[in-house]
Amino acid sequence: MRSPEPVFTITYWGVTGTLTAPLRPPEVTDKLVGAIKHLVEQGRLADLRSSPDLEAIIRRRVEDEVPFRFRSSYGGNTTCVEVQTPDALLILDCGSGFRELGLALEARWRADLPPTDGRAARTAHVLVTHPHIDHIYGTPYFAPYYDPANRFTIWGAPDVIHSLGLLFNPDSEFSRHYFPPTLDEMKALEDFRPIQPGADFQIGGTRIRTYALCHPGGCLAYRLENAGHVYVFATDHEHVEVPDRGLADFARGAEVLYTEGQYTLAEYEGRASVGGNPPLVRVGWGHSSIEACVATAVAAEVRELHLGHRDPARSDDDLARLEAFLQQLLRDELRRAGRGEDSCRARIVHEGLVTIC
């Protein structure tokens, strides 16, 4: 039975696929111009005068009235998601967003220290989907790994554990070629737990199950269940059919399904370009179309679909248009399924987004 109280606090620290994609200086200028233009057109600047609270007034108007694509950004860090449960901290993947999470954890844990005695042990579990570089290259930049007061357990397929050893084990022939510090300097790493597709294990009160996704080299999806609440994390997957019955069964009834729709169907099939680049057939690359993700989410009867792993060539304007396209696709799919539009929601997630379920 589902608890009436939410149990998962989900924070997205990195949602870009393949490669980091920071905002370029001209894009920042374009955002400023777009935000000011929007406020002028709405007549929301004419009454402003210099005053002690001017900054607070402007901030409220920007946050309340300016479209997201002008006032903020979907972000450019690669995959990392924090899930706080009632009794454990779970981290999904360690792309470049892992560094940002590490800085936040350091500040959070320092603030929680008792005023007089020593540092209390801080514990977390890192669940890695696969060893592709955009999902692990935040590892050596994660400051909490170097503090012996912390304790981390890394979970992943044997290939994940092996790959991290190749890069960071001081005895490996690749040691110090990728990054100078090695595992023996990461004092907080307590344990490495190899797991297989179909694994079923417990971390605190959260049951975790895994599922093999369709991606070159392999990839694991994670289903987190606690007190009847379900969050499914299924990044880097190419749908083998539409809807994908295997993934739909794995995600059945989830409150939130996070997956990746890196392309539209036209981009996936090579009939359209991404970010002005030449069109390419992307079949077999291990990524999915938005259309396939929507069909699978509706088949799985999830309550909310979160799409991430965006192509780094996309601008924030592109993503805003893509989000409108996503939501129309979902309305159409729900109508075909004979379901109400309020039975499922969908969004393209951005860095800093917090979801509670």
Side-chain angles (χ1 to χ4, degrees), residues 6-17 68-69 72-85 90-93 95 97 101 127 129 134-135 211 213 215 219-226 229-239 243-244 247-248 250-264 287-311 314 316 318-331 333-334 341-357:
V7 296
F8 297 130
T9 300
I10 303 155
T11 305
Y12 292 99
W13 291 95
V15 291
T16 298
F68 179 82
R69 70 183 188 278
S72 190
S73 173
Y74 286 86
N77 281 300
T78 63
T79 307
C80 180
V81 181
E82 174 190 4
V83 182
Q84 180 66 64
T85 78
L90 310 178
I91 301 168
L92 295 157
D93 274 347
L101 169 58
L127 311 175
T129 60
D134 54 321
H135 291 259
Y211 174 76
L213 297 173
H215 192 66
C219 185
L220 288 181
Y222 291 95
R223 179 183 173 102
L224 280 52
E225 303 177 43
N226 191 314
H229 297 263
V230 178
Y231 175 63
V232 174
F233 185 75
T235 188
D236 288 50
H237 174 61
E238 186 164 6
H239 283 59
D244 189 312
L247 179 57
F250 184 71
R252 181 77 55 199
E255 282 161 281
V256 179
L257 165 63
Y258 172 96
T259 190
E260 58 101 339
Q262 190 155 337
Y263 309 112
T264 65
H287 299 289
S288 291
S289 71
I290 294 174
E291 290 90 335
C293 294
V294 168
T296 296
V298 171
E301 299 183 331
V302 304
R303 293 172 60 185
E304 192 161 345
L305 170 65
H306 287 182
L307 287 189
H309 211 273
R310 59 108 165 177
D311 192 286
R314 297 197 197 277
D316 285 325
D318 294 336
L319 290 168
R321 288 190 290 269
L322 210 59
E323 190 159 26
F325 173 67
L326 163 67
Q327 291 166 353
Q328 184 59 55
L329 282 174
L330 180 61
R331 286 192 290 269
E333 190 69 26
L334 288 170
E341 289 187 3
D342 61 349
S343 64
C344 182
R345 297 180 297 171
R347 67 186 305 167
I348 293 176
V349 296
H350 60 81
E351 283 180 33
L353 177 68
V354 177
T355 296
I356 298 173
C357 70

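FYI, the numbering just counts along the sequence from 1. The model shown is predicted, which means the values in this text are computed figures rather than measured ones.
- When every heavy atom of D316 is checked against every heavy atom of S73, the shortest pair comes out as OD2-OG, 3.1 Å.
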Dump the intermediate steps for side-chain contact (heavy atoms from CB on, under 4.5 Å) on L224 and V83, then the final yes or no.
CA-CA 10 Å; L224 280 52; V83 182; 4.0 Å; yes

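- Taking 4.5 Å as the limit, every side-chain heavy atom of R314 sits out of range of all side-chain heavy atoms of Y74.
- Residues G261 and C293 come closest through the heavy atom pair CA-SG, 3.9 Å.
- Aromatic rings of H309 and H135 (six-membered ring for Trp) have centroids within the 6.0 Å cut-off, being under it.
- R347 has its side chain within reach of E323: a pair of non-hydrogen atoms, C-beta onward, lies under 4.5 Å apart.
- Between H237 and D244 the shortest side-chain heavy-atom distance falls below 4.5 Å.
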Under 3.5 Å, sequence neighbours excluded: what are the donor-acceptor pairs made by side chains of residues 350-357?
residue: E351; atom: OE1; partner: N77; partner atom: ND2; Å: 3.3
residue: E351; atom: OE2; partner: G76; partner atom: N; Å: 2.8
residue: E351; atom: OE2; partner: N77; partner atom: N; Å: 2.6

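- D311 and H287 form no side-chain donor-acceptor contact under 3.5 Å, judged by distance and modelled atom types alone.
- Minimum interatomic distance between T235 and C219 (heavy atoms only, all atoms of both residues): O-SG, 3.4 Å.
- Using a 4.5 Å heavy-atom threshold, the side chains of F233 and I10 count as separate.
- Each side chain to side chain donor-acceptor pair (under 3.5 Å) pair with one or both residues in residues 250-259, not counting sequence neighbours, appears once here: H229-E255, D249-R252.
- Atoms OH and SG, on Y12 and C80 in that order, are 12.0 Å from each other to the nearest 0.5 Å.
- At a cut-off of 3.5 Å, with distance as the only test, a side-chain donor of H239 or S288 sits close to an acceptor on the other residue.
- If you take CG on L330 and CD on Q327, they are separated by 8.0 Å, rounding to the nearest 0.5 Å.
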Pair E82, W13 - check side-chain contact (heavy atoms from CB on, under 4.5 Å), show working.
CA-CA 7 Å; E82 174 190 4; W13 291 95; 3.0 Å; yes

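- Inter-residue side-chain proximity for E291 and L329 is flagged as met; some heavy-atom pair is nearer than 4.5 Å.
- Closest of all the heavy-atom pairs between A251 and V302 is O-CG1, 3.5 Å.
- Under the 4.5 Å side-chain criterion, counting only non-hydrogen atoms from C-beta, L334 is in contact with C344.
- Between the side chain of T296 and the backbone N or O of A292 there is at least one donor-acceptor pair closer than 3.5 Å.
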Applying side-chain contact (heavy atoms from CB on, under 4.5 Å) to F8 and T85, what does each step give before you reach the verdict?
CA-CA 5 Å; F8 297 130; T85 78; 3.8 Å; yes

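- Residues Y231 and V81 are in side-chain contact: their nearest non-hydrogen atoms beyond the backbone lie under 4.5 Å apart.
- Separation of atoms CD (Q84) and CD1 (I91) is listed at 9.5 Å; rounding is to 0.5 Å.
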Go through the steps to decide whether R223 and V230 satisfy the test side-chain contact (heavy atoms from CB on, under 4.5 Å), and finish with yes or no.
CA-CA 7 Å; R223 179 183 173 102; V230 178; 3.6 Å; yes

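- Rounding to the nearest 0.5 Å places CD of E304 at 10.5 Å from CG of L257.
- Rounded to the nearest 0.5 Å, atoms CG (L326) and CZ (R331) are 9.5 Å apart.
- In this structure, CG on L213 lies 8.0 Å from CG on D236, to the nearest 0.5 angstrom.
- Side-chain contact check for L322 versus T264: some heavy-atom pair is nearer than 4.5 Å.
- A donor-acceptor contact under 3.5 angstrom links the side chains of D93 and T129, judged on distance only.
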